[in-house]
Amino acid sequence: MTRRKKIYEGKAKILYEGPEPGTLIQYFKDDATAFNAQKKAVLEGKGVINNRISEYIMTRLNAIGVQNHFIRRLNLREQLIKEVEIVPLEVVVRNIAAGSIATRLGLTEGQPLPRSIIEFYYKDDKLGDPMVSEEHITAFNWAATQEIDDMMAMALRVNDYLSGLFGGVGITLVDFKIEFGRVYEGDFSRIILADEISPDSCRLWDSTTNEKLDKDRFRRDLGNVIESYTEVARRLGIMKEMPTVIQGGVH
Ligand code: UDP
């Protein structure tokens, strides 16, 4: 067996060379990090759950015309994706005040926002992903004005669709982070959704109890992290076999 080439290793995922040009394999690790990687843990089974949840969401988004990098799931922890040139921005959409916006603007966690708000953060771990404006993005050439417009339109479509999807299973979509990439076709490039969408990158609250079912359980030491991620998957109607997979310690 030949060792495949690792292209990139991040905090929660590894990218390997794909079977054909223009493809990559995205591997979901069990590693969890928070507060710019100052807090770290291994949450057994997290990668398996996030692989499935992200597959489910990306597949559905593709079906409603939100083009993304997902091609197909390969196994418990891996998916085949399109290779993209990552736009160095984290795009956050918020519906309800929580996390950094609550701290920054002195809002009460749980307070509905007057309307959905989109924020951009520059992806740079050394700088702690600072929030940036469209002025910064165009001045430093991280993305063009048209690309910003495309990302904002797609982010709002993702928000509308996911709010409904989660709302239908008793989960409130508080906020989420997405990333985009460019695919080149001749002289032109197009923006598509990339990365992952999972409880690692969303705030998801039980609609009745407001119980947190996302990474805040890890950030705030609330316990039952994997159980909550599994509950999200169970409500979405995926991964009914998950508990045995976790107990079996599949890696
Ligand atoms: N988020 C993320 N990765 C990051 C920062 C934020 O996935 O590096 C997600 C986070 O889980 C939440 C949303 O983006 O769903 C907004 O996060 P916020 O700005 O409130 O920052 P945090 O409170 O996570 O520091």
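Quick note: numbers below take in every heavy atom, side chains included, and nothing from hydrogens, waters or symmetry partners.
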**Student:** Under a 3.5 Å cutoff, is there a donor and acceptor pairing between the side chains of E55 and N51?
**Tutor:** no
**Student:** Y121 and side-chain contact (heavy atoms from CB on, under 4.5 Å): which partner among V132, L127, V92?
**Tutor:** V92
**Student:** Find out if a path of hydrophobic residues (ILVMFWY) with successive side-chain heavy-atom gaps under 4.5 Å connects L61 to L204.
**Tutor:** yes
**Student:** Look at the rings of W142 and Y122 and say which category their plane angle falls in: under 30° parallel, 30 to 60° tilted, over 60° perpendicular.
**Tutor:** parallel
**Student:** Any idea which heavy atoms bring N62 and Q67 closest together, and the distance?
**Tutor:** OD1-CA, 4.1 Å
**Student:** Between I53 and Y229, which heavy-atom pair has the shortest distance, and what is it?
**Tutor:** CD1-O, 3.9 Å
**Student:** Are any of the side-chain heavy atoms of R52 and R73 separated by less than 4.5 Å?
**Tutor:** yes
**Student:** Test K11 against every option in T33, D31, D200 by the side-chain contact (heavy atoms from CB on, under 4.5 Å) rule and name the one that passes.
**Tutor:** T33
**Student:** Looking only at heavy atoms, what is the nearest atom pair of I192 and M154, with distance?
**Tutor:** CA-CE, 4.1 Å
**Student:** For R182 versus S189, what's the shortest heavy-atom pair and its separation?
**Tutor:** CD-OG, 4.0 Å
**Student:** Quick one: closest heavy-atom pair of V87 and A143, and the distance?
**Tutor:** CG1-CB, 4.2 Å
**Student:** What is the minimum heavy-atom distance between R77 and G47, and which atoms define it?
**Tutor:** NH1-CA, 3.6 Å
**Student:** For E185, is the CD atom crowded, meaning more than 12 foreign heavy atoms sit under 6.0 Å from it?
**Tutor:** yes
